[in-house]
Amino acid sequence: MRTAEHYFTVPLDHFAPATGDSGAGPETITVFAREYVSSDHSRAKAEDLPWLLFLQGGPGGRGNRLASLGGWSKAAARDFRILMLDQRGTGLSSPIDRNSLPVRGTAEAQAAYLEHFRADSIVADAELIRAALGSGPWSIYGQSYGGFCALTYLSFAPEGLREALITGGLAPLSGHADDVYRATFGRVAARNTEYFDWYPEDRLVVDRIADHLRHADEFLPDGGRLTVERFQMVGAFLGGNTRVDGLHYLLEGAFTDTAHGPRLSDAFLEQVQGLVSRLGNPLYALMHESIYGQGRPTDWAAWRVLGEYPEFRPDAEPLLLTGEMVYPWYFEQDAALEPLREVAHLLAAKPDWKPLYDRRRLAANSVPTAAAVYRDDIYVDRDLSLETAAAVRGLQVWETAEFHHDGISDDGEAIFSRLLGMVRPAGS
């Protein structure tokens with residue numbers, strides 16, 4: 001493959017009213033994207049290929065760094081120039097972390113800054129980038145949160161789109177974040193049952209680890225204490241297809257014998273730190289619930305709804321593992337997030353999040369759109385996804401139980417090709 005790096009200067013606030021001030025002008029940030037082209041295409045032919053913008057999951061994750069074309073990117077590169085976007089605040093796009101965010105000033109100023117890092121601003125960035133590249137309406141492919149962004153694109157800038165493909169990312173168009181977590185807690189519980197049916201020996205290991213953590217202090221390599229509730233976060237594995245087996249491989253090396261009795265092994269603790277620390281993507285914890293915020297506060301929805309599911313409490317026996325939920329204690333137990341605790345609480349209390357979708361325009365949609373809905377997805381609920389699909393005119397759904405949330409990691413080539421075939425008539 002061949003790659004090229006692109007940097008764009010965009011307004012921090014795309015939606016600020018014009019002031020007519022002849023001063024320094026509106027504040028800007030940098031947005032980065034990397035172009036990938038198959039070396040099967042000559043340079044001259046590549047210049048004529050249409051663009052495919054990939055919108056990755058998150059929020060808070062940078063664009064994928066591809067070492068080679070494989071899976072969905074291999075399929076896409078046959079017909080497209082792929083543009084891999086670092087969504088604003090991530091990767092090389094004016095990145096946000098515990099060191100850079102405080103430069104904004106007070107917690108209130110930091111929270112106000114972060115209001116400009118949601119899907120509506122990401123879409124506005126994409127439209128400026130499309131114009132800068134000289135592209136006509138282009139194709140987009142959204143995975144997970146990228147699918148949420150695709151729906152925002154269809155709502156506010158459909159004229160910029162030739163077609164939209166979505167995998168595991170049909171966001172609820174209305175309602176409250178509470179509805180999301182009531183649906184997903186149930187699916188996570190079912191996935192726990194399924195996992196422990198496959199690996200009954202791991203049921204004993206998980207409970208042993210929980211009991212050990214209740215009575216002994218164990219510390220991650222970064223010095224942070226591993227609590228039972230942080231350990232529950234390894235349930236992130238449960239959202240995967242083949243990745244779920246990685247949980248078994250993690251647990252099998254949990255303990256080691258020492259002069260002072262069994263302790264958690266260094267190898268286990270090192271792997272767990274990679275799962276529970278938000279050092280590399282604090283925006284995920286800060287902004288996660290805001291992706292459901294429209295017109296009212298999210299108010300730590302997952303934490304409140306957890307009260308309705310006592311089987312997920314850290315003192316429950318047997319212990320269940322959790323999914324992608326974000327809780328306020330993250331900002332107390334994770335050293336990477338602790339400096340951002342006040343900002344997180346301000347965002348959770350924000351009462352006036354702007355709408356991210358236009359139901360009227362979606363009901364009149366004319367952009368060919370196809371979405372894969374995974375029946376047992378523990379992150380993006382199947383029933384809520386189908387409600388959204390029914391509200392978008394012409395959206396074609398491929399519902400399958402063959403894959404989980406990260407299906408494109410397992411058979412991305414086939415998934416992408418199927419969705420592209422759904423939006424393009426034969427021979428087009």
Side-chain angles (χ1 to χ4, degrees), residues 60 98 177-178 180-182 184-193 195-196 202-240 244 246-247 250-251 254-255 263-265 268-282 284-289 298-342 344-345 347-348 378-379:
R98 60 177 176 171
D178 293 24
V180 173
Y181 294 111
R182 287 194 179 96
T184 53
F185 268 119
R187 293 199 185 275
V188 175
R191 186 66 162 161
N192 270 265
T193 298
Y195 176 81
F196 290 120
D202 287 358
R203 173 73 275 166
L204 300 176
V205 176
V206 165
D207 289 339
R208 183 186 176 194
I209 293 171
D211 184 66
H212 175 76
L213 292 174
R214 293 181 187 117
H215 297 93
D217 290 336
E218 292 279 5
F219 294 93
L220 298 169
D222 66 2
R225 184 166 174 254
L226 180 60
T227 60
V228 176
E229 53 265 39
R230 293 189 84 185
F231 167 61
Q232 287 177 284
M233 294 169 66
V234 303
F237 278 111
L238 298 176
V244 69
L247 177 58
L250 170 71
L251 295 172
F255 284 95
R263 303 287 298 186
L264 295 181
S265 70
F268 174 80
L269 291 169
E270 181 181 36
Q271 292 175 79
V272 169
Q273 177 172 294
L275 296 167
V276 307
S277 171
R278 293 297 173 192
L279 183 66
N281 61 341
Y284 181 87
L286 283 167
M287 302 299 291
H288 183 76
E289 288 197 355
T298 55
D299 193 25
W300 297 112
W303 180 243
R304 288 183 293 97
V305 172
L306 177 67
E308 303 171 20
Y309 295 86
E311 62 269 32
F312 281 98
R313 288 175 52 89
D315 57 358
E317 294 182 0
L319 187 77
L320 294 186
L321 305 175
T322 57
E324 64 172 359
M325 298 78 170
V326 173
Y327 306 121
W329 55 258
Y330 278 23
F331 295 85
E332 300 168 2
Q333 298 190 21
D334 187 342
L337 297 178
E338 196 280 331
L340 308 175
R341 178 168 49 182
E342 187 177 355
H345 283 292
L347 293 171
I378 68 171
Y379 295 151

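Reckoned from all heavy atoms, side chains included, excluding hydrogens, waters and symmetry mates.
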Going by heavy atoms in the side chains, are Leu306 and Thr322 under 4.5 Å from each other?
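Leu306 vs Thr322: side chains apart.
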Minimum side-chain heavy-atom gap Ile378-Arg187 below 4.5 Å:
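Touching, per the 4.5 Å side-chain cut-off.
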Check: Glu308 side chain, Arg182 main-chain N or O, donor-acceptor pair, under 3.5 Å:
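Checked: no pair found.
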Does some side-chain heavy atom of Val206 sit less than 4.5 Å from a side-chain heavy atom of Val234?
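No, their side chains stay 4.5 Å or more apart.
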Looking at Gln273, is its backbone amide N or carbonyl O close enough to the side chain of Ser277 to form a donor-acceptor pair, meaning the two atoms are under 3.5 Å apart?
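The answer is no, because no donor-acceptor pair under 3.5 Å joins these two groups.
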Are any of the side-chain heavy atoms of Trp329 and Trp303 separated by less than 4.5 Å?
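They are in side-chain contact.
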Count the heavy atoms of every other residue, nucleotide or ligand shown that sit under 6.0 Å from CD of Glu270, and state whether that count exceeds 12.
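No, CD of Glu270 has 12 or fewer neighbouring heavy atoms, counting only those of other groups under 6.0 Å.
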Using only atom types and a distance under 3.5 Å, with no angle test, would you say the side chain of Tyr379 pairs donor to acceptor with the backbone of Ala236?
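Confirmed, Tyr379 side chain pairs with Ala236 backbone.
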Spacing of CZ belonging to Arg98 relative to CG belonging to Leu286, to within rounding of 0.5 Å
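The CZ atom of Arg98 sits 13.0 Å away from the CG atom of Leu286.
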Would you check if Glu342 and Phe331 make a side-chain contact, meaning some heavy-atom pair closer than 4.5 Å?
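Sidechains of Phe331 and Glu342: no contact.
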Side chains of Arg304 and Tyr181: closer than 4.5 Å at any heavy-atom pair?
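They are not in side-chain contact.
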Checking the side chain of Thr298 only, and the main-chain atoms of Ala301 only, is there a donor and an acceptor separated by less than 3.5 Å?
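Judged by distance alone, no pair lies under 3.5 Å.
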So do the side chains of Phe231 and Leu319 get within less than 4.5 Å of each other, counting heavy atoms only?
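Contact flag for Phe231/Leu319 side chains = yes.
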Look only at the side chain of Gln232 and the backbone of Phe312, and say whether a donor-acceptor pair between them is shorter than 3.5 Å.
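Flag set: sc Gln232 to bb Phe312 pair under 3.5 Å.
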Does atom CZ of Arg313 have more than 12 heavy-atom neighbours from other groups under 6.0 Å away?
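Incorrect, the count does not exceed 12.
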Side chain Asp202, main chain Phe196, donor-acceptor under 3.5 Å
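No, Asp202 side chain to Phe196 backbone: no donor-acceptor pair under 3.5 Å.
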Identify which one of Arg225, Glu229, Arg230 satisfies the side-chain hydrogen bond (donor to acceptor under 3.5 Å, both in side chains) criterion when paired with Gln333.
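So the option named by the test is Glu229.
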How long is the straight-line distance from CD of Glu218 back to CD1 of Ile209, given to the nearest 0.5 Å?
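Those atoms lie 10.0 Å apart.
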Given 3.5 Å as the limit, does a donor-acceptor pair link the side chain of Arg278 with the main chain of Ala285, or not?
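A pair under 3.5 Å: no.
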Examine distances only and state if a side-chain atom of Glu289 and a backbone atom of Ala302 form a donor-acceptor pair shorter than 3.5 Å.
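Yes, the answer is positive, given that a donor and an acceptor are paired below the 3.5 Å cut-off.
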Taking C-beta and beyond as the side chain, do Phe219 and Leu226 meet within less than 4.5 Å on heavy atoms?
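Answer no - side chains too far apart.
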Donor-acceptor contact present, side-chain Arg214 to main-chain Val228, <3.5 Å
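No: the side chain of Arg214 does not pair with the backbone of Val228.
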Please check this pair: side chain of Asn192 against backbone of Leu321, looking for a donor-acceptor N/O pair closer than 3.5 Å.
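A pair under 3.5 Å: yes.
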